[in-house]
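Some notes on the structure that comes next.
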There are 2 protein chains.
Amino acid sequence: MPPRMPEDIRRGVEEKGGLEGILLNVPSKKELETLAKIHSALGDPLRLRIICFLRVQESCVCLLREVVKIPYSKLSYHLSVLKNAGLIRGEKRANFIIYSLTPLGRKYAEDTCRRKP
Amino acid sequence: MPPRMPEDIRRGVEEKGGLEGILLNVPSKKELETLAKIHSALGDPLRLRIICFLRVQESCVCLLREVVKIPYSKLSYHLSVLKNAGLIRGEKRANFIIYSLTPLGRKYAEDTCRRKP
DNA sequence: TTGGTATTTCAAATTATCTTAAAATTTTCT
DNA sequence: AGAAAATTTTAAGATAATTTGAAATACCAA
């Protein structure tokens, strides 16, 4: 703990088991990295729009393209970001790929897509 | 809707009021931008660590520095990202600045800092 | 097998985010 | 007033994310 710091905060920390005590309740480096990756993936309006659309309707890429109005290659990139974060999955059906939310993705979508930040 | 697309998906969309019907349930551009900004701010392990620490203890910058072990100027930058997203606030007290979660920040911290992505 | 459609991949160019060190600001203490 | 501490700001450079368009894949249909 810093030699100089506000007394009330020093007391607060000590009551909670010191810095180490508090840090036990903070997720590990690896956990934080996973969480950060998920939040980064959600950190773009286009990708959020995709997530919120998939929340109500699974979709081929061709339909998503009408939802977000961007070229295929760009869309594909953003889908890969969401997929790498574990939020969506793509399943090949005929010569379409159908994207849908994973259980993780659904959890975040329910929290995020229902208005009021 | 695309001329060619899987029939089951076309039916799903039509049952839900067509593309427009579905898109009514998707947050507006402005809302998505706000949400994206919040998620972006959470999209970094260092910043998540700060959020999870503040969840249990409000703190001066000097203490946070020991939590994240980075130079002041870098820390200050990351605090500004969190502040601009509306997740934390800083209040000047003596010649310290005490950072704490906003209600919004607390909401996200509770969801995020309790393990299991 | 030929051709068409849906989608992804790649590499280059662009843009945004992050880091660094130094200088500036604000407040307190003497 | 002057010095010292806590923190932020700035501007530059470094790194990472995104966009673009062309080419590659994979699958289906004739």
Side-chain angles (χ1 to χ4, degrees), chain A residues 1-10 32-33 36-50 54 58-85 87-100, chain B residues 1-10 32-33 36-50 54 58-85 87-100:
Chain A
M1 284 216 264
R4 278 154 208 289
M5 61 179 286
E7 275 316 307
D8 54 337
I9 291 178
R10 183 188 303 280
L32 290 176
E33 278 162 4
K37 191 167 182 181
I38 293 168
H39 284 291
S40 283
L42 295 172
D44 176 286
L46 217 61
R47 292 196 294 259
L48 282 177
R49 191 166 159 90
I50 292 169
L54 292 178
E58 63 174 19
S59 173
C60 55
V61 182
C62 56
L63 179 57
L64 288 176
R65 222 171 63 82
E66 305 214 341
V67 170
V68 294
K69 300 189 180 69
I70 55 177
Y72 266 113
S73 64
K74 188 172 171 181
L75 177 48
S76 199
Y77 165 74
H78 286 289
L79 290 172
S80 81
V81 172
L82 291 169
K83 194 166 154 196
N84 288 332
L87 294 167
I88 66 175
R89 77 187 134 215
E91 184 201 356
K92 194 158 295 189
R93 223 151 78 213
N95 64 349
F96 297 96
I97 298 177
I98 311 296
Y99 280 95
S100 57
Chain B
M1 285 217 264
R4 275 155 208 290
M5 63 178 284
E7 274 316 307
D8 53 337
I9 290 177
R10 182 188 304 279
L32 290 175
E33 277 163 6
K37 191 166 183 184
I38 292 168
H39 284 291
S40 284
L42 296 172
D44 177 287
L46 216 63
R47 292 196 294 258
L48 281 177
R49 191 166 160 90
I50 292 170
L54 292 179
E58 62 174 20
S59 173
C60 56
V61 182
C62 55
L63 180 57
L64 288 176
R65 223 170 62 82
E66 304 214 341
V67 170
V68 293
K69 298 190 180 68
I70 55 176
Y72 266 113
S73 64
K74 188 172 171 181
L75 177 48
S76 199
Y77 165 74
H78 286 289
L79 290 173
S80 80
V81 172
L82 291 169
K83 195 166 153 197
N84 289 331
L87 294 166
I88 66 175
R89 76 186 136 215
E91 184 200 355
K92 195 158 296 189
R93 222 152 77 215
N95 64 348
F96 298 96
I97 297 175
I98 311 298
Y99 279 95
S100 57

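The chains referred to below are lettered A, B, ... by the order of the sequence lines, with proteins before strands, and numbering in each begins at 1.
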Checklist entry - With the sugar-phosphate defined as primed atoms, P, OP1 and OP2, and the base as all remaining atoms, what B/S/- string results for nucleotides 11-19 of chain C, 5' to 3', for protein heavy atoms under 4.0 Å? => result ------SBB
Checklist entry - What string of B, S and - do you get for nucleotides 22-27 of chain D, 5' to 3', if B is base contact, S is sugar-phosphate-only contact and - is no contact with any protein heavy atom under 4.0 Å? => result B---SB
d([atom1], [X]; [atom2], [N]) in whole Å:
X	N	atom1	atom2	result
B:Glu91	D:dA6	CD	P	18 Å
B:Ile98	C:dT27	CD1	P	14 Å
A:Arg4	D:dT7	CZ	C1'	15 Å
A:Asn84	C:dT8	CG	P	12 Å
A:Leu75	C:dT7	CG	P	9 Å
A:Ile97	C:dT5	CD1	C1'	12 Å
B:Ile9	C:dA6	CD1	C1'	13 Å
A:Ile70	C:dT8	CD1	P	12 Å

Item to check | B:Leu63 or A:Arg93, whichever maps to the more 5' nucleotide of DNA chain D | outcome: B:Leu63
Next on the checklist: For B:Arg10, give me all partners under side chain to side chain contact (heavy atoms under 4.5 Å, CB included), at least two apart in sequence or on another chain.
Outcome noted: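 Result, side chain to side chain contact (heavy atoms under 4.5 Å, CB included) vs B:Arg10: B:Met1, B:Met5, B:Glu7, B:Glu14.
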Item to check | side chain to side chain contact (heavy atoms under 4.5 Å, CB included) partners of B:Ile97, counting only residues at least two apart | outcome: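 By the side chain to side chain contact (heavy atoms under 4.5 Å, CB included) rule, B:Ile97 matches B:Lys92, B:Tyr99.
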Next on the checklist: Give me each pair satisfying side chain to side chain donor-acceptor pair (under 3.5 Å) with a member in residues 73-85 of chain A, each pair once, sequence neighbours excluded.
Outcome noted: A:Arg47-A:His78
Checklist entry - When rounded to the nearest 0.5 angstrom, what is the spacing between OH in A:Tyr72 and SG in A:Cys62? => result 5.0 Å
Item to check | Spatial distance of atom CG (A:Leu54) from atom CG (A:Leu87) [nearest 0.5 Å] | outcome: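 Here the interatomic distance stands at 10.5 Å.
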Checklist entry - Between B:Leu32 and A:Pro45, which heavy-atom pair has the shortest distance, and what is it? => result CD1-O, 3.8 Å
Checklist entry - What are the two closest non-hydrogen atoms of A:Ile9 and B:Ile98, and how far apart are they? => result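 Minimum heavy-atom contact is CD1-CD1, 3.4 Å.
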Checklist entry - Considering residues at least two apart in sequence or located in another chain, which fulfil the side-chain hydrogen bond (donor to acceptor under 3.5 Å, both in side chains) criterion with B:Arg93? => result A:Asp8
Next on the checklist: Donor-acceptor pair, distance only, cut-off 3.5 Å: does the side chain of B:Arg49 make one with the backbone of B:Val68?
Outcome noted: no
Checklist entry - Counting side-chain heavy atoms from CB outward, which of C:dT8, C:dT7, D:dT8 is closest to B:Leu79? => result D:dT8
Checklist entry - At under 4.0 Å between heavy atoms, what does A:Phe96 touch on the DNA or RNA strands: base, sugar-phosphate, or nothing? => result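 Contact class for A:Phe96: sugar-phosphate only.
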